[in-house]
Amino acid sequence: MSTALLFLLFCWVAGHEETVQWGTSPARNNVSTATELPEKWSPGQFERRTGKWVGGPKAKNIKWVAPLGSTTYATPIVTGNRVFCGTNNTSALDPAYPGNVDLGVLVVLDGENGKFLGQFVREKLDGAIDWPEQGICSNPAVQGDRLWIVTNRSEIVCLDIRPETPEIVWSFDMIGRLGTRPHNMTSCSPLLLGDLVFSGTSNGVGPDDKTVLFPEAPSFIALDKNDGALVWSDATPGENVLDGQWGSPSALVFAGRDGTERTQVLFPGGDGWLYAFEVRGREITPSWKFDCNPKTSVWKGHGSGDRNTLLASPVVADGRVYIATGQDPESGEGPAVLWCIEPARALLEYENVATAESNPAAEPQGRLSDRFVDLSESLVVDAAGKIVPPKRTRAVDESVGKKVEPNPQSAARWSYRGKNPKSKEFEDTLHRTIGSVVVSGGLLLVGDFCGVVHCLDAATGECFWTYDMMSTVWGSPLAADGRFFLCDSDGDVAIFRQSKELELLEEINMGAGVYGSPVPHGKTLYISTSNHVFAVEVP
């Protein structure tokens, strides 16, 4: 099913109301149908001392600019005539909250002129679980006159956005209700599906950076979107979380054996595994999992080792799931793997075998693993050939007779470690990645954290070209109007032609780092830097 059809499906299920959430649809494939978007612009001048936007005669195709705090990781969400963006409070946009008061802030702006309309604020928690001046990092989901967001206080909050200053409809405290302990910060973009809102809890390791203090606390939850009641929770991956859990869920829809549509929610786990849960109304059950780390990889922490976690949202396109591995931005450079997974085919084959077999013990090795069907590329077995359960820091220890074997039930279509990962050339390697991919016109684009942009064949994983942006990439690309847009922490917005040949159309600096994705709305492109929102439009 195409992303556009999937989006329409969930809008219909939700009651024919427009649903706006990060990635344009539950599939999180950031492809837009917008046209006539700007390709050339200049943000103009900034005050050298304060960084405040001045504009001046050098500004070109800038509709308006609005101030944010000093640190903004979020992507703007645009709905109707308003713009919502998470940030911190250092700019004191509301005089009721002085700039020396550290807060998480959701800013509300007029989409036509950038006028500050109001804000939703949350006080900070302890610095070990809510880092100073990081603000609200979540990208909200909006449907009609309601907005759902994950706050810096580890809450899922539903807001009434009819007033210019949003009002709380309900709030769910994940720390108080579930006993979670976020690591560094709580960061997840909620996913709306029907009457449910899905989110990760960011439950992670404690102050020693090694031990999950509350492994029984849920990592993944679903709430009733109307009243905030807890509908479902799951504590996977428990004590195997490597660091924190900051990735956002997505949705996969495919045809079941009887031809009816099946919906699954995909959660990137803090242990480097991707988990899928079947959703049937309010019944949510484990379905499959996929190990995104090589079995020989080792977690050492603090940036060392080659074992990674998952920070990116899984992206669904043409029935395939795409996700790359990475680590906390503080961990820096290291190797990664980008996976293309076809779960429906492998899952349906498994179900056909399971239905035919009256004796579960007769099922082929590797088809059944705890509550999930293991669709990973390979399995770890002991000397007796018995499957070894997942381990936190390393999957296989050959010194005790464990070994890696191919998984006969694998759903891996291809993996990518770089154009030539054995090469010493920087652009030939895929580095740790915290942003999601985008798939459009048969092409896949992803920017790794080290700033290398990789353009691949989405069906085969063949690399067509790479490009070094010379700065870290945090956000995910946008595909729109025959172009790819991708931003970096130096503030550059690179615009590429959607082509198998490298064609850089423009590279425009925004005057401050950009950590999210550009957002099209009509003919306007909205871009949040660390301290401003720009509305870019050709008059």
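Because the structure is predicted, anything quoted here is derived from the model rather than measured.
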Exercise. Any donor-acceptor pair under 3.5 Å linking the side chain of Thr433 with the backbone of Asp448?
Worked result: no
Problem set entry | Any donor-acceptor N/O pair, Ser248 side chain to Ser313 backbone, under 3.5 Å | no
Exercise. Do we see a donor-acceptor contact under 3.5 Å between the side chains of His454 and Tyr416?
Worked result: yes
Exercise. Using a distance-only test with no angle check, is there a side-chain donor-acceptor pair under 3.5 angstrom linking Ser440 and Gln498?
Worked result: yes
Problem set entry | Ser489 side chain to Thr472 side chain, donor-acceptor N/O pair below 3.5 angstrom | yes
Exercise. So Tyr322 and Trp339, ring pair (Phe, Tyr, Trp, His ring centres under 6.0 Å) or not? Walk me through it.
Worked result: CA-CA 6 Å; Tyr322 301 88; Trp339 291 97; over 10 Å; no
Problem set entry | Pair Gln143-Thr19, side-chain donor/acceptor within less than 3.5 Å | yes
For this session: For Ser287 and Gln264, test the side chains for any donor-to-acceptor distance below 3.5 angstrom and give the result as yes or no.
Result: yes
Exercise. Strictly by modelled atom types, are Asn61 and Ser42 linked by a side-chain donor-acceptor pair under 3.5 Å?
Worked result: no
Problem set entry | Ring center gap for Phe277 and Phe198 short of 6.0 angstrom | no
Exercise. Taking Trp414 for the side chain and Ala458 for the main chain, is one N or O donor matched with an acceptor at less than 3.5 Å?
Worked result: yes
Exercise. Can you check whether Gly270's main-chain N or O pairs, donor with acceptor, with Gln245's side chain at less than 3.5 Å?
Worked result: yes
Exercise. Can you find a pair of side-chain heavy atoms, one from Thr87 and one from Thr71, that are under 4.5 Å apart?
Worked result: no
Problem set entry | Side-chain donor/acceptor of Arg432 to backbone N/O of Asp328, under 3.5 Å | no
Exercise. Under the 3.5 angstrom rule, does the side chain of Ser32 hit a backbone N or O of Ala480 as a donor-acceptor pair?
Worked result: no
Problem set entry | Full working for salt bridge (Lys or Arg N to Asp or Glu O under 4.0 Å) between Glu427 and Lys419 | CA-CA 8 Å; Glu427 290 186 31; Lys419 183 167 59 175; 5.5 Å; no
Problem set entry | Pair Asn308-Thr325, side-chain donor/acceptor within less than 3.5 Å | yes
Problem set entry | Candidate list Phe290, Trp273, Phe220, test ring-ring contact (aromatic ring centres under 6.0 Å, His included), partner Phe267, passing option | Phe220
For this session: Over 60° means perpendicular and under 30° means parallel, so classify the ring planes of Phe496 and Tyr467, tilted if in between.
Result: perpendicular
For this session: Could you please spell out the steps behind the salt bridge (Lys or Arg N to Asp or Glu O under 4.0 Å) verdict for Arg262 and Glu278?
Result: CA-CA 7 Å; Arg262 294 170 57 174; Glu278 193 94 7; 2.7 Å; yes
Problem set entry | Check against salt bridge (Lys or Arg N to Asp or Glu O under 4.0 Å), Lys295 and Glu377 | CA-CA 9 Å; Lys295 295 299 187 184; Glu377 182 180 54; over 6 Å; no
For this session: State plainly whether the residues Glu537 and Lys523 are in salt-bridge range, i.e. N to O under 4.0 Å.
Result: no
Exercise. Asp481 side chain to Glu36 main-chain N or O, any donor-acceptor pair under 3.5 Å?
Worked result: yes
Problem set entry | Short side-chain donor-acceptor distance under 3.5 Å, Asn203 and Thr201 | no
For this session: Would you kindly say whether Arg307 and Ser297 are connected by a side-chain donor-acceptor distance under 3.5 Å?
Result: yes
Exercise. Any donor and acceptor pair, going by atom type alone, linking the side chain of Arg413 with main-chain N or O of Arg320 inside 3.5 Å?
Worked result: no
Exercise. With no hydrogens and no angle check, is any side-chain donor or acceptor of Ser189 less than 3.5 Å from a backbone partner on Trp22?
Worked result: no
Exercise. Do Ser476 side-chain atoms and Ser436 backbone N/O form a donor-acceptor pair below 3.5 Å?
Worked result: yes
